[in-house]
Protein chains: 2
Amino acid sequence: MKIKLQKASDIGPVVRAVRKAQRIRQDDMAGSIGVSENFLAKVEHGGGNAQWTKVFQVLEGLGIELVCDIPDDAEDFLAGYMRGGS
Amino acid sequence: MKIKLQKASDIGPVVRAVRKAQRIRQDDMAGSIGVSENFLAKVEHGGGNAQWTKVFQVLEGLGIELVCDIPDDAEDFLAGYMRGGS
DNA sequence: CATAAATCCTGACGAACGTAAGGATTTATT
DNA sequence: AATAAATCCTTACGTTCGTCAGGATTTATG
């Protein structure tokens with residue numbers, strides 16, 4: 001199921017829902033991901049202002065894929081950059 | 001065009017490509033988004049470890065949509081949370 | 001209602017971020 | 001090659017994050 005994030009805080013309910021679906025406590029989930037329980041709770045409430053890599057770490061741990069949709073104009077530029085080109 | 005982010009740093013080339021497609025300098029783009037030129041440059045090089053809301057701010061400014069794909073198990077939980085329910 | 005579990009909140013401290021300013025390096029233009 | 005433009009790289013400083021520890025509040029269970 002795909003969910004478009006319209007605000008930065010939209011990530012919160014997503015994280016919570018996926019965790020709940022796995023029937024795991026914040027405590028245990030945080031431990032298995034490698035973050036603090038406090039941090040995970042904050043993220044689930046809208047993220048406050050967490051760090052990009054840490055949020056990504058949580059999403060990875062929960063099996064949530066992150067996809068970005070870019071304008072078609074940028075396609076050519078991106079292809080160049082991803083092949084290690086200048 | 002949809003791009004799956006596999007590492008946190010994958011966001012860098014995406015941001016750069018979209019900016020380049022608009023033919024705007026880092027300087028001006030940073031100003032119009034409301035971040036520093038230094039910050040935008042860091043993000044384009046892999047993000048270092050920027051803050052979630054700031055990265056989101058940049059993506060918004062560039063017209064990049066962020067979508068997350070979650071397991072179907074979580075769908076029911078999410079629906080409940082998004083209606084403002086407990 | 002009573003008990004226990006899960007989640008949330010607060011304060012403090014070390015570590016990392018984001019900005020600004022200046023200069024260096026690379027890239028484009030003539 | 002020479003000039004100018006764009007990007008990148010430090011350094012320094014104030015702000016914010018992330019963790020830990022402890023307790024409070026909410027939610028589930030009998």
Side-chain angles (χ1 to χ4, degrees), chain A residues 7-62 64 73-74 76-86, chain B residues 7-62 64 73-74 76-86:
Chain A
K7 320 168 201 167
S9 62
D10 283 355
I11 196 65
V14 172
V15 169
R16 164 163 285 232
V18 174
R19 178 179 61 80
K20 285 285 190 184
Q22 297 184 16
R23 319 268 180 202
I24 304 179
R25 299 193 322 231
Q26 284 183 338
D27 198 355
D28 296 335
M29 180 54 98
S32 86
I33 291 178
V35 299
S36 70
E37 172 201 353
N38 201 334
F39 174 77
L40 186 56
K42 279 183 188 170
V43 169
E44 292 190 358
H45 278 279
N49 200 5
Q51 294 177 10
W52 172 257
T53 54
K54 281 259 184 259
V55 174
F56 206 89
Q57 185 179 346
V58 169
L59 297 182
E60 244 183 352
L62 283 164
I64 303 174
D73 318 29
D76 299 337
F77 292 89
L78 186 61
Y81 296 143
M82 284 212 159
R83 294 197 212 104
S86 78
Chain B
K7 321 168 201 166
S9 62
D10 283 355
I11 196 66
V14 172
V15 168
R16 164 163 285 232
V18 174
R19 178 178 61 81
K20 284 286 188 184
Q22 298 185 17
R23 319 267 181 205
I24 305 177
R25 300 192 321 230
Q26 285 183 337
D27 199 354
D28 295 335
M29 181 54 98
S32 87
I33 293 178
V35 300
S36 70
E37 171 200 353
N38 201 335
F39 175 77
L40 185 56
K42 280 182 188 170
V43 169
E44 290 191 359
H45 277 280
N49 199 5
Q51 295 177 8
W52 171 257
T53 54
K54 280 257 184 263
V55 175
F56 206 90
Q57 186 178 344
V58 169
L59 298 182
E60 243 183 353
L62 284 165
I64 303 174
D73 318 30
D76 298 338
F77 290 89
L78 186 61
Y81 295 143
M82 285 212 158
R83 293 198 212 104
S86 78

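A quick note: this is a predicted structure, and the numbers were derived from the prediction, not measured. Per chain, numbering begins at 1; letters A, B, ... match sequence-line order.
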Would you say [X] places a side-chain N or O within less than 4.0 Å of OP1 or OP2 belonging to [N]?
X	N	value
Q51(B)	dC17(D)	no
N49(B)	dC17(C)	yes
K54(B)	dA16(C)	no
R23(B)	dA6(D)	no
R25(A)	dT27(D)	no
R19(B)	dT7(D)	yes

Round to a whole Å and report the spacing from [atom1] of [X] to [atom2] of [N].
X	N	atom1	atom2	value
F39(B)	dC17(D)	CZ	C1'	14 Å
D28(A)	dA6(C)	CG	P	8 Å
K42(A)	dG18(D)	NZ	P	7 Å
E37(A)	dC9(C)	CD	C1'	11 Å
E44(B)	dA6(D)	CD	P	14 Å
W52(B)	dC17(C)	CH2	C1'	17 Å

Please confirm whether the backbone N or O of I24(B) pairs with a side-chain atom of R19(B), one donor and one acceptor, at under 3.5 Å?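 A pair under 3.5 Å: yes.
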Does N38(A) contact dT10(C) through a side-chain donor or acceptor facing the base, at a distance under 3.5 Å? yes
